[in-house]
Amino acid sequence: MNPVHSFHNLTGLIFRALPKTLLLNLVLKQTTMDVDAIGDHAEKLKSLRIDEYEDDDNDDEEEEEAVTLGFVENPKNEWSLERQFFPSKAGGVPAWLDPVDIPSGRSSICDICGEPLQFLLQVYAPTKKESAFHRMLFVFMCRSMKCLLRDQHEQWKRHPEKPSRSVKVFRCQLPRFNPFYSSEPPEYDGNYKPSGIGATLCNWCGTWKGDKLCSSCRQVRYCSEKHQVMSWRSGHKIVCQQMKVSSPTGESNKIGATSLESHKVGSKNVWPEFEIIIEHESEYNTDIPEDNALSNSLISKNKIDDTMNSLMDRFQGDDDKKSWVDFQERIAKAPEQVLRYYRDTNAKPIWPVSSGRPSNADIPKCSYCGGPRCHEFQILPQLLYYFGVDNEADSLDWASIVVYACEASCEAGLPYKDEYAFVQLLSPSHNTIH
């Protein structure tokens with residue numbers, strides 16, 4: 001088994017070995033939340049807004065309480081993850097905050113293979129700044145592990161002028177009074193709609209702008225030639241003729257009208273969609289006795305020990321082994337977590353291995369204001385477990401993804417501003433191209 005491609009399944013193995021009672025308690029804690037949880041989610045993240053005068057000398061207890069964890073669960077209804085409710089979500093298609101000026105061109109593709117990037121997740125994280133009353137960070141990545149390995153070489157280059165990345169992050173923010181949303185809180189029911197309409201999206205992925213029009217029916221749009229070909233081979237060849245018959249004038253979609261078919265087709269070509277529910281880590285700060293953690297396991301303790309020993313043997317030196325143990329102890333408090341939110345806290349990312357961690361100098365400054373970036377949140381490999389990613393030699397995998405965003409949440413530049421993702425694989429020695 002290639003160690004680079006086994007990390008999320010190793011963490012998944014440990015996750016599955018936890019007692020059913022613990023997992024049930026975690027699930028019950030979240031499923032008992034009613035529809036108001038959507039509003040509660042925004043309020044909790046707003047409590048983490050920037051405070052320029054916060055004391056940096058918080059003790060460890062305060063630091064831990066400030067960390068917010070993200071868990072995934074199926075959406076409660078069809079409309080709760082629409083953009084007018086400012087959702088935090090993983091998989092599916094993005095709920096663009098600015099629905100008109102979404103990223104396009106090279107921003108939407110993998111710089112290594114040239115294929116359109118796939119939506120990973122988005123986090124709603126407003127600040128106290130009026131210009132960032134609504135603030136969302138979006139993460140996209142290429143599904144190719146080969147591209148991610150190449151990406152590793154690029155991120156270790158000290159601030160190249162034109163970095164080639166397979167993982168991209170965009171920050172979008174809006175003031176309270178804006179063209180797209182009411183200044184009042186949304187009504188959490190299926191009848192509430194935002195003001196205005198968004199850009200036409202790709203019929204295949206439902207993610208990027210549909211700038212390319214089908215030359216035959218002239219009613220369906222695509223973000224790229226690749227997605228147009230895939231759609232044609234998957235059934236549009238037949239549907240296209242039917243659409244031409246039903247609309248003989250060949251009138252194309254009006255700009256701003258998102259095709260209903262795009263969501264039906266696109267939903268088959270994206271990762272499963274989940275709502276991200278947040279909880280404070282302090283709620284899980286209880287020790288789990290090892291005997292209890294394994295008593296109801298579906299996997300024997302010997303099997304887990306063998307897996308752990310196999311992984312430990314691959315680490316380079318005692319520092320990596322210690323980091324792995326620390327990482328697992330921290331994650332074990334809430335094993336279902338897929339995201340850790342850090343902004344404006346003294347807490348730091350927890351790295352599975354010590355080798356391959358970035359220094360402050362490795363994180364580029366904001367390309368718009370020139371100010372420093374801070375670690376905003378961390379995406380854990382458990383997310384791939386929920387996405388059902390296979391454990392094949394070329395399957396996507398990572399040890400950790402840490403997103404760094406402009407500390408000042410600057411306002412200059414494009415509606416969607418590039419931020420930075422640092423990806424850690426299992427070990428730098430495995431960051432080679434196969």
Side-chain angles (χ1 to χ4, degrees), residues 41-42 45 70 72 75 81-111 115-127 131-143 151 163 165-174 178 180-181 194 198-199 201-202 205-209 223 258 263 266 270-276 278 338-343 366-368 373-380 383 387 398 401-406 409-411 413-423:
H41 165 77
L45 277 181
V72 293
L81 298 184
E82 294 177 359
R83 63 181 176 89
Q84 63 268 29
F85 301 108
F86 313 108
S88 289
K89 63 189 293 287
V93 296
W96 294 110
L97 184 60
D98 179 335
V100 176
D101 295 317
I102 66 177
S104 59
R106 291 198 61 83
S107 295
S108 65
I109 64 173
C110 172
D111 294 327
E115 299 291 344
L117 295 171
Q118 186 151 326
F119 173 67
L120 186 68
L121 59 75
Q122 66 187 69
V123 176
Y124 183 64
T127 77
S131 61
F133 185 85
H134 297 299
R135 179 174 175 271
M136 193 85 75
L137 288 106
F138 300 80
V139 183
F140 298 83
M141 69 187 308
C142 181
R143 295 187 72 146
D151 182 281
R165 300 300 307 273
S166 70
V167 182
K168 296 184 180 181
V169 181
F170 303 104
R171 170 174 54 90
C172 182
Q173 55 196 49
L174 296 170
N178 63 79
F180 308 117
Y181 308 101
L201 301 178
C202 174
C205 68
T207 298
W208 305 108
K209 277 187 176 181
C223 66
T258 303
H263 288 288
V270 296
W271 282 308
E273 185 175 52
F274 297 98
E275 183 174 3
I276 296 179
I278 67 169
V338 299
L339 183 138
R340 299 175 63 83
Y341 190 84
Y342 298 110
R343 186 177 179 87
C366 175
S367 55
Y368 304 96
R373 283 188 170 110
C374 63
H375 46 269
E376 181 113 7
F377 58 84
Q378 178 177 11
I379 306 171
L380 302 175
L383 182 60
F387 282 171
W398 66 76
I401 299 176
V402 178
V403 169
Y404 294 82
C406 177
S409 281
C410 68
E411 305 156 30
L414 302 171
Y416 285 87
K417 301 166 182 59
D418 294 308
E419 295 294 6
Y420 185 77
F422 187 91
V423 183

Legend entry - Main-chain N/O of L414 paired with Y368 side-chain donor or acceptor, under 3.5 Å: no

Legend entry - Y341 vs I278 side-chain heavy atoms within contact, under 4.5 Å: no

Inset, instruction - Mind checking the OG-CZ spacing from S108 to F170? Nearest 0.5 Å is all I need. - result: 7.5 Å

Inset, instruction - Please report the closest heavy-atom contact between S367 and D418, naming both atoms and the distance. - result: OG-O, 4.5 Å

Legend entry - Side chains of E376 and Y404, donor plus acceptor under 3.5 Å: no

Inset, instruction - State, with a plain yes or no, whether a side-chain heavy atom of N178 is found less than 4.5 Å away from one of F133. - result: no

Between side-chain atoms of residues 89-104 and protein atoms elsewhere (two or more places apart, or another chain), which donor-acceptor pairs fall under 3.5 Å?
unit_1: K89; atom_1: NZ; unit_2: G91; atom_2: O; d: 2.9
unit_1: K89; atom_1: NZ; unit_2: V93; atom_2: O; d: 2.5
unit_1: K89; atom_1: NZ; unit_2: E273; atom_2: OE2; d: 3.0
unit_1: W96; atom_1: NE1; unit_2: T207; atom_2: O; d: 3.0
unit_1: D98; atom_1: OD1; unit_2: V100; atom_2: N; d: 2.9
unit_1: D98; atom_1: OD1; unit_2: D101; atom_2: N; d: 3.2

Inset, instruction - Please lay out, stage by stage, how I379 and W398 fare under the test side-chain contact (heavy atoms from CB on, under 4.5 Å). - result: CA-CA 9 Å; I379 306 171; W398 66 76; 3.8 Å; yes

Legend entry - Taking every non-hydrogen atom, the tightest pair across A199 and K209: CB-CE, 4.0 Å

Legend entry - Residues which pass side-chain contact (heavy atoms from CB on, under 4.5 Å) with Q84, listed by chain and number, not counting sequence neighbours: E82, Y181, Y192, K193, P194

Inset, instruction - Please list, chain by chain and in numerical order, all residues satisfying salt bridge (charged side-chain N to carboxylate O under 4.0 Å, His left out) with K168, sequence neighbours excluded. - result: D111

Legend entry - Interatomic distance, Y124 atom OH to S88 atom OG [nearest 0.5 angstrom]: 9.0 Å

Inset, instruction - For R165 and A421, indicate whether the former's side chain and the latter's backbone hold a donor-acceptor pair under 3.5 Å. - result: yes

Legend entry - Non-hydrogen atoms of V270 and C205 that approach each other most closely: CG1-O, 3.9 Å

Inset, instruction - Tell me, please, which residues at least two apart from E419 pass salt bridge (charged side-chain N to carboxylate O under 4.0 Å, His left out). - result: R171, R373

Inset, instruction - To the nearest 0.5 Å, tell me how far K417 NZ sits from Q173 CD. - result: 5.5 Å

Inset, instruction - Look at the side chain of S166 and the backbone N and O of M141, then say whether any donor-acceptor pair between them is shorter than 3.5 Å. - result: no

Legend entry - Closest approach of W271 to R143 (non-hydrogen atoms, all atoms of both residues): NE1-NH2, 3.3 Å

Inset, instruction - Could you tell me the separation between the CG atom of L121 and the CZ atom of F138, rounded to the nearest 0.5 Å? - result: 10.5 Å

Inset, instruction - For L383 and V72, work out which heavy atoms get closest and say how close. - result: CD1-CG1, 4.3 Å

Inset, instruction - Would you give the length of the straight line joining atom CZ of F387 to atom CZ of F274, rounded to the nearest 0.5 angstrom? - result: 7.0 Å

Inset, instruction - Can you sort out the partners of S107 under side chain to side chain donor-acceptor pair (under 3.5 Å), two or more places apart, ordered by chain and number? - result: none

Legend entry - Straight-line distance of F180 CZ to R83 CZ, nearest 0.5 Å: 7.5 Å

